[in-house]
K.L.:
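After the C-alpha cells below, expect a handful of questions from me.
All values reported here derive from a predicted model rather than from experimental measurement. Letters A, B, ... mirror the listed sequences (proteins, then strands); counts begin at 1.
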There are 2 protein chains.
Amino acid sequence: MRRRKSGLRDVAQLAGVDVSTVSRVLTGNLQQRVSSETRTRILEAAKALDYQPNALARGLRTSRTATLGIVVPQLDNPVFSSAIRGAELAAGRLAYSLLIAHRDSGQRIGGAYRRLAETHRVDGLLVASLDSDRDLLVELRGTGVPFVLMNRQAAGAANAVVLDNERAARMAVGHLVGLGHRRIAHLAGRLEGYNGQGRLAGFRAALAEAGLDPQSAPVEPAGYSVEGGAAAMQRLLASGEPQPTAVFAASLISATGALGVLHAAGIAVPRGMSVVALHDAPVASMVYPALTTVRTPTQEMGEKAAEMLIGLIRGEASGGTIVLPPDDLVVRASTAPPAD
Amino acid sequence: MRRRKSGLRDVAQLAGVDVSTVSRVLTGNLQQRVSSETRTRILEAAKALDYQPNALARGLRTSRTATLGIVVPQLDNPVFSSAIRGAELAAGRLAYSLLIAHRDSGQRIGGAYRRLAETHRVDGLLVASLDSDRDLLVELRGTGVPFVLMNRQAAGAANAVVLDNERAARMAVGHLVGLGHRRIAHLAGRLEGYNGQGRLAGFRAALAEAGLDPQSAPVEPAGYSVEGGAAAMQRLLASGEPQPTAVFAASLISATGALGVLHAAGIAVPRGMSVVALHDAPVASMVYPALTTVRTPTQEMGEKAAEMLIGLIRGEASGGTIVLPPDDLVVRASTAPPAD
DNA sequence: CTGTTAGCGCCTTCAT
DNA sequence: ATGAAGGCGCTAACAG
C-alpha cells in the first residue's frame with residue numbers, strides 16, 4: 001500500500017518544470033536565480049510528494065556523503081559514550097549522520113578506518129583511539145579523508161579536541177589541599193599517554209603551589225580500568241609509611257577500583273582516606289560513598305570535534321587543537337578533611 | 001602524493017578486459033562463467049591497485065546499502081551499549097556497517113528512523129526504543145524498510161529479540177529463596193512495559209513455587225534509573241512492617257539507587273538486606289557491596305537482532321521472535337542468608 | 001565466456 | 001530564469 005518513493009523527476013513533473021530547476025531550488029545553497037514564483041511552486045510540490053533526496057545518488061554525484069565515521073575503542077566507557085552523543089548532536093544539527101565502528105582489536109591497526117574511508121562511505125573520521133601514536137597516524141593519513149582526534153593529542157596531528165588535563169587535575173588536588181590534606185597520592189593514568197601525562201603534571205603543579213614536595217608524593221599508574229585502579233591502590237597501601245590521607249585518581253573508573261580495595265582493607269572513606277576523581281558520570285553517585293569528581297565536558301568534546309571535522313570537510317575551517325577547560329568540581333561524599 | 005582512487009575501469013584496463021567482467025568477478029556471489037585464467041588476472045590487478053568498490057555507486061545501482069540503522073534511546077546504559085557492540089560485531093561479519101542515531105527526544109516520534117530510511121541510507125533498522133507501542137510501530141512501518149526490535153516485544157511486531165524475563169527473574173528470586181529468605185520484595189521495572197511485566201511475572205512465579213504468597217509480596221515500580229530505584233526503595237522502607245529481608249531489582253541501575261538509600265538508612269547489605277539485580281555490567285562490581293546479579297546476554301541480543309535483520313533484508317529469513325535465556329547467576333557480596 | 005548497452009537519481013556546466 | 005545533456009561508478013540484462 002505504499003507508493004513508490006518519489007524522486008526529483010516526480011517533483012519536476014508536478015511543478016511543471018525541469019528536474020534541473022528543482023535541483024537548484026532544493027539544493028538551494030547558493031541564492032540561485034529562480035523566480036520566486038516557480039520556487040514556491042516547486043517547494044509545494046516537494047512537500048506534497050514528501051520528497052526526500054536519495055543520499056546515494058547525491059553522494060555519487062557530489063562525492064560527499066554527509067556522513068562522519070566515528071571509531072571508538074569501547075562503548076561502555078562513559079567518556080566515549082558521552083562523546084559519541086555529543087558528536088551525534090552536532091552532526092545532526094549540521095545534517096550529517098554518524099557511522100560507527102569499533103576498533104577491531106586484534107586486527108591490523110586501522111582496519112576499521114580504512115574500510116569506512118576507502119569505500120567512500122564517510123567524508124571524515126572522528127577518532128578516539130588508544131593506539132600508539134605512530135601507527136595510528138600513518139593509517140589515518142592513508143585514508144585520505146580529514147580526521148579529528150578526540151580526547152587525545154598526538155605529535156604531528158593537527159586536529160584534536162582535548163581536555164585541559166592540567167587544569168582539571170589542579171582543580172581536584174586543590175580541593176584536597178583546601179580540605180587540609182598534606183599527604184596526597186596520585187592514581188595516574190597511562191604515563192605514556194597524553195592524558196596521563198597531563199594529569200600527572202597538573203597533580204605535581206598543584207602540590208608545588210601548595211608548598212608541598214611534588215617529588216615525594218606517591219604516584220601509581222592505574223590506567224583507566226577498575227582492575228588497574230584496584231591494583232594501584234593495593235600497591236599504594238603496601239608501600240610503607242606514612243600513608244597518604246587522600247588520593248587523586250586520574251579517572252572515575254580507576255577510582256571505583258580503588259574504592260573496592262579500600263573497603264576490603266577496612267579503610268573508611270572519607271574518614272580514613274579521601275578520594276577525588278576526574279570525569280563525572282552516573283557511576284559516581286552509584287558507588288559508595290558517592291565520589292567527589294571534577295566534571296569534564298565530554299559531550300562537548302564530541303560536539304566540538306564533529307563541528308571541527310565538518311568545517312574541515314567543507315573547507316571552511318582550518319583545524320587546530322581545542323583545549324576544553326573542566327566544568328567544575330562536584331563535591332559528594334568521598335572527600336573530607338583528614339582525620340589526623 | 002596520494003594517487004587517485006582506482007575504480008573498476010582501472011582494474012579492467014590493467015587486466016585487459018571489460019569492466020563488466022571485472023564486476024562479475026569481484027561481485028562473485030554466483031559462480032559466474034569466467035575463465036579461471038582471466039579471473040586470476042583480474043584478481044591480481046585488483047589487488048595491485050588496491051581496488052575498493054565505491055559503496056555509493058554500488059548502492060545506487062543495486063538499491064542496497066549494506067548498512068543497518070540502529071536507534072537507541074541512550075548510549076550510557078550498559079544494556080544498550082552492549083547490544084550495539086553485538087550488533088556491530090554481527091554486522092561486520094556479514095559485511096554490513098552500522099549507522100547510529102539517537103531518538104531525538106522531544107521531536108516527533110520516529111524522526112530518527114525516517115531520516116535514515118527515507119534517504120536510502122539504510123537497508124533496515126535495529127530498534128531499541130522505550131516508546132509506547134502504537135506510535136512506534138506506525139512510524140516504523142512507514143519507513144518501508146524491515147526492522148527488528150531489541151530488548152522488547154510489541155504487539156503486532158513480528159520481529160524481535162528479547163530476554164526470557166520470567167526465567168531470569170526466577171533465577172534471581174530462586175537464589176534468594178535458596179538462601180532462606182521468606183520476605184522478598186520486588187523493585188519492578190515499568191509495569192506497563194514488556195520487560196517490567198515479564199520480570200514481575202517471574203518474581204511471582206518463583207515465590208509461588210517456593211510456597212510463598214505472591215500477592216502479599218511488596219512490589220514497588222522503580223523504572224530503570226538510579227533515582228527510580230532510590231525512590232522505590234524509600235517507599236519500601238517506609239511502608240510498614242514487617243520489612244523484607246531481601247529485594248530483587250528489575251535492573252542493575254535501579255539496584256544501585258536502592259543501595260544508596262540502604263546505606264543512608266543505616267541498613268547493612270547483605271546483613272540487613274540482600275539485594276540481587278538483573279543484568280550484569282562492570283558497574284556491578286564497582287558499587288559497594290558488589291552486587292549479585294543475573295547475567296543477561298545483551299551483546300548476543302544485538303548479534304541475533306542484526307543477523308535476523310540481515311536475513312530479512314536478503315529475503316533469506318522469515319523473522320519471528322527470539323527469546324534468549326539468561327546466562328547465569330553471578331554471586332557477589334550483596335546477598336547472604338537472612339539475619340533473623 | 002566476454003563485451004555492449006542502459007540506466008540507478010542526482011548535480012552541474014553549458015546553452016538558450 | 002530555465003531547459004538540455006552528460007556523467008559520477010557500478011551492475012545487470014542482453015548480445016555475441
K.L.:
Grab the CZ-P distance between A:Arg121 and D:dG9 for me, whole Å please.
P.N.:
17 Å
K.L.:
Using atom CZ of B:Arg64 as one end and atom P of C:dG9 as the other, report the distance to the nearest whole Å.
P.N.:
16 Å
K.L.:
Please identify each residue that fulfils salt bridge (Lys or Arg N to Asp or Glu O under 4.0 Å) with B:Glu316, with sequence neighbours left out.
P.N.:
none
K.L.:
Return the value, rounded to whole Å, for the distance between atom NE2 of B:His120 and atom P of D:dC10.
P.N.:
20 Å
K.L.:
Enumerate, atom names and distances included, each donor-acceptor pair closer than 3.5 Å involving a side-chain atom of residues 11-22 of chain B, sequence neighbours excluded.
P.N.:
unit_1  : atom_1 : unit_2  : atom_2 : d
B:Asp18 : OD2    : B:Ser20 : N      : 2.8
B:Asp18 : OD2    : B:Ser20 : OG     : 2.8

K.L.:
How close or far is atom P of C:dG3 from atom CD of B:Gln13, stated in whole angstroms?
P.N.:
13 Å
K.L.:
Does OP1 or OP2 of D:dG9 have a side-chain N or O of B:Tyr51 closer than 4.0 Å?
P.N.:
no
K.L.:
Between D:dT2, D:dC10, C:dC10, which one does the side chain of B:Arg58 approach most closely?
P.N.:
D:dC10
K.L.:
Considering all heavy atoms of both residues, which atom of A:Leu126 and which atom of A:Ala305 are nearest to each other, and what is their separation?
P.N.:
CD1-O, 3.7 Å
K.L.:
Could you tell me which residues satisfy side-chain contact (heavy atoms from CB on, under 4.5 Å) with A:Ile313, sequence neighbours excluded, listed by chain and number?
P.N.:
A:Leu68, A:Tyr96, A:Asp123, A:Pro146, A:Leu309
K.L.:
Please give, in whole Å, the distance from D:dG3 P to A:Leu8 CG?
P.N.:
13 Å
K.L.:
Report the residues that fulfil side-chain contact (heavy atoms from CB on, under 4.5 Å) with A:Glu44, sequence neighbours left out, ordered by chain and then residue number.
P.N.:
none
K.L.:
Separation of B:Arg39 atom CZ from C:dC1 atom P, in whole Å?
P.N.:
10 Å
K.L.:
Once salt bridge (Lys or Arg N to Asp or Glu O under 4.0 Å) is applied, do any residues pair with A:Glu303, and if so which ones, sequence neighbours excluded?
P.N.:
A:Arg93
K.L.:
Taking for each residue the nucleotide of DNA chain D with the nearest heavy atom, is it B:Thr21 or A:Arg41 whose nucleotide lies nearer the 5' end?
P.N.:
A:Arg41
K.L.:
By the 4.0 Å heavy-atom rule, please label A:Thr38 as base, sugar-phosphate, or nothing.
P.N.:
sugar-phosphate
K.L.:
Extract from the structure each pairing of a protein N or O with an N or O of nucleotides 4-8 of chain D at less than 3.5 Å, listing the distance.
P.N.:
unit_1 : atom_1 : unit_2  : atom_2 : d
D:dA4  : OP2    : A:Asp18 : OD1    : 3.3
D:dG6  : N2     : A:Arg61 : NH1    : 2.6
D:dG7  : N2     : A:Arg61 : NH1    : 3.3

K.L.:
Under 4.0 Å between any heavy atoms, over every strand shown, what does B:Ser23 touch: base, sugar-phosphate, or nothing? Just pick one.
P.N.:
base
